[in-house]
Every structure is written in C-alpha cells, then in structure tokens.
Amino acid sequence: MSAPAPIAVALDAPDLETAARWATLVTPHVSTVKVGLELYLRYGPDVVASVRGASRVQVFLDLKLHDIPATVAGAARAVARLRPAYLTVHAAGGPAMIRAAVEAAPAARVAAVTVLTSLGDADLAALGVAGPASDAVRRLAALSVEAGAQALVCSPQEAAAVRAEVGPDITLITPGVRPAGAETQDQARVATPEAALAAGADLLVIGRPITGAADPGAAAAGIAAALRRTAP
C-alpha cells in the first residue's frame, strides 16, 4: 500500500462520533488528522484519543494558543500529555510566548501560525499590521523560527517565500488548500494541493473538500493519488 499522503484532514465535525468516523475513513490515505478549537472545547482531551483510534495517525492539535508566556506554557504542558504531533500557537504572541510553548511541550512540533488564511491585505491594514500579507508572513516566520518553532503555518501563496526565508528543516503547514473546482469558502489565500506542494509545503490542511464529500475516504484517496501522480 502507498505511504499516506502529506495531508492533515480538518475534522471540523458537529460531534465526536462524526469526527471519529471521518478519521477512520481517511486514515489509510493521509498522514494526519487535525482537531480544531471547536471540537476540543466541546469534548476536551477525549477527542484526541477518539480520532487517533487504534491507528498511528498523527494528531495535529490546532488550538492557536495566544496569551502571556506563562499561560501558554501551562496550556502547552497540559495538552502535551495527549502526544500531539503538532500544536499551534499564534506567532503574533511574540518570541517569549513561542519559546515558552516549545519548552513546555518538547515532544510536539510547535507550529507558529503566521497570518490567518482568512485575512487579506485590506484586513491587515485595518488591524494596523504592515503589509502586504506576504511581508507580514515572512517577518512572523523568521521571528518564530528564531524563537524555536519547528513548524510554521502559512497560506500556500507564501510557502515559497517562507521556505526561502527559513530553509529546508522547518515544516511548512498550509491551510487554504482546495482541489481545483472546489469553493474557497472563508479562505482568502488559497491554492490547489499540487501547487501547494510545488511551492514547498510539507503538510496540506484540507477539510470540507474531504469531510463534506459523500464518501470522505474516497475523496481523501483521490487527492492522495493525484499528489502521487504529480510528485517529482
């Protein structure tokens, strides 16, 4: 059987049973499943065990921690026992906060979220953040890596520039990935899975194009097969 594709399926499910079912269906085809804030707040740590199941699928805990360093350290320490492969923090929390998370959860790869893919240049301007988005992402990426982050979250459109900025050893995670023909929904900066990998992404976050399909397992298998066909 082919190796699982570098895809993190976003399990944005209405309940724990649905999330676990989706995870079971996609796990043969993808490397990672992603648990977001809504699901974690509703069900707590139990959700991680439920979606991991008996498989060895990686769990990406996407909580986007953002607080003072001591609070983030405590939160990261609390979830580290769940053995997530990735744990997100907001890069805008600053170097001391990122460093606190890295030290508190040494077994996880702390992934710093640069600029949310729902934000465009006009949104950043309204927030008082110097843009364009690509410049803001690059600045936050460099700051995060210097503070010890082992992974970065950026849109596929910035992946090549971020890769050039931080080098080959940092894991680049790209949300905003949509197969050709899929709706962009609330994402402002998007790309196809093939384009995202070509730009230097290591892990593609894909949600509704897989979980909203009639057969999520088949949808995941189809995207994984397309990626294998285009791999160099």
Side-chain angles (χ1 to χ4, degrees), residues 3-10 29-36 57-66 84-93 95 97-99 101-102 105 107-120 124 131-179 184 187-207 209-210 220 223-224 226-228 230-232:
I7 294 170
V9 177
H29 312 293
V30 305
S31 66
T32 310
V33 292
K34 184 173 84 71
V35 172
V57 69
Q58 296 186 127
V59 175
F60 175 2
L61 200 49
D62 188 17
L63 301 184
K64 298 186 177 74
L65 302 177
H66 190 174
Y86 299 96
L87 172 66
T88 51
V89 302
H90 267 295
M97 188 207 78
I98 295 167
R99 199 170 296 113
V102 171
R109 294 180 75 82
V110 170
V113 177
T114 53
V115 175
L116 295 171
T117 51
S118 57
L119 299 177
L124 292 180
S134 56
D135 289 349
V137 167
R138 204 165 63 248
R139 287 196 308 272
L140 288 165
L143 172 153
S144 300
V145 170
E146 192 171 334
Q150 304 100 327
L152 296 164
V153 181
C154 62
S155 96
Q157 295 180 12
E158 292 98 39
V162 170
R163 176 63 72 205
E165 182 78 32
V166 302
D169 298 329
I170 300 298
T171 301
L172 294 192
I173 302 170
T174 56
V177 175
R178 292 285 184 273
T184 59
Q187 307 281 3
R189 306 188 324 277
V190 302
T192 65
E194 295 83 357
L197 280 187
D202 296 300
L203 184 64
L204 314 179
V205 178
I206 304 176
I210 290 175
I223 296 173
L227 290 177
R228 282 194 292 273
T230 58

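Quick note: numbers below take in every heavy atom, side chains included, and nothing from hydrogens, waters or symmetry partners.
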Check whether T88 reaches the backbone of L63 with its side chain - one donor and one acceptor, N or O, closer than 3.5 Å. yes
Find the distance between [atom1] ([X]) and [atom2] ([Y]) and round it off to the nearest 0.5 Å.
| X | Y | atom1 | atom2 | value |
| --- | --- | --- | --- | --- |
| R109 | L87 | CZ | CG | 12.5 Å |
| M97 | S144 | CE | OG | 8.0 Å |
| K34 | I206 | NZ | CD1 | 12.0 Å |
| L143 | R138 | CG | CZ | 14.0 Å |
| T114 | H90 | OG1 | NE2 | 10.0 Å |
| T174 | L204 | OG1 | CG | 4.5 Å |

Looking at every heavy atom in both [X] and [Y], which two are closest together, and how far apart are they?
| X | Y | result |
| --- | --- | --- |
| I173 | A111 | CD1-CB, 4.0 Å |
| P84 | L61 | CB-CB, 3.9 Å |
| V205 | P175 | CB-CA, 3.8 Å |
| L172 | R163 | CG-NH2, 3.5 Å |
| L203 | T32 | CD1-OG1, 3.8 Å |
| A101 | V89 | CB-CG1, 3.8 Å |

Please list every donor-acceptor pair under 3.5 Å in which a side-chain atom of residues 145-154 meets a protein atom from a residue at least two apart or in another chain.
unit_1 : atom_1 : unit_2 : atom_2 : d
Q150   : OE1    : V110   : N      : 2.8

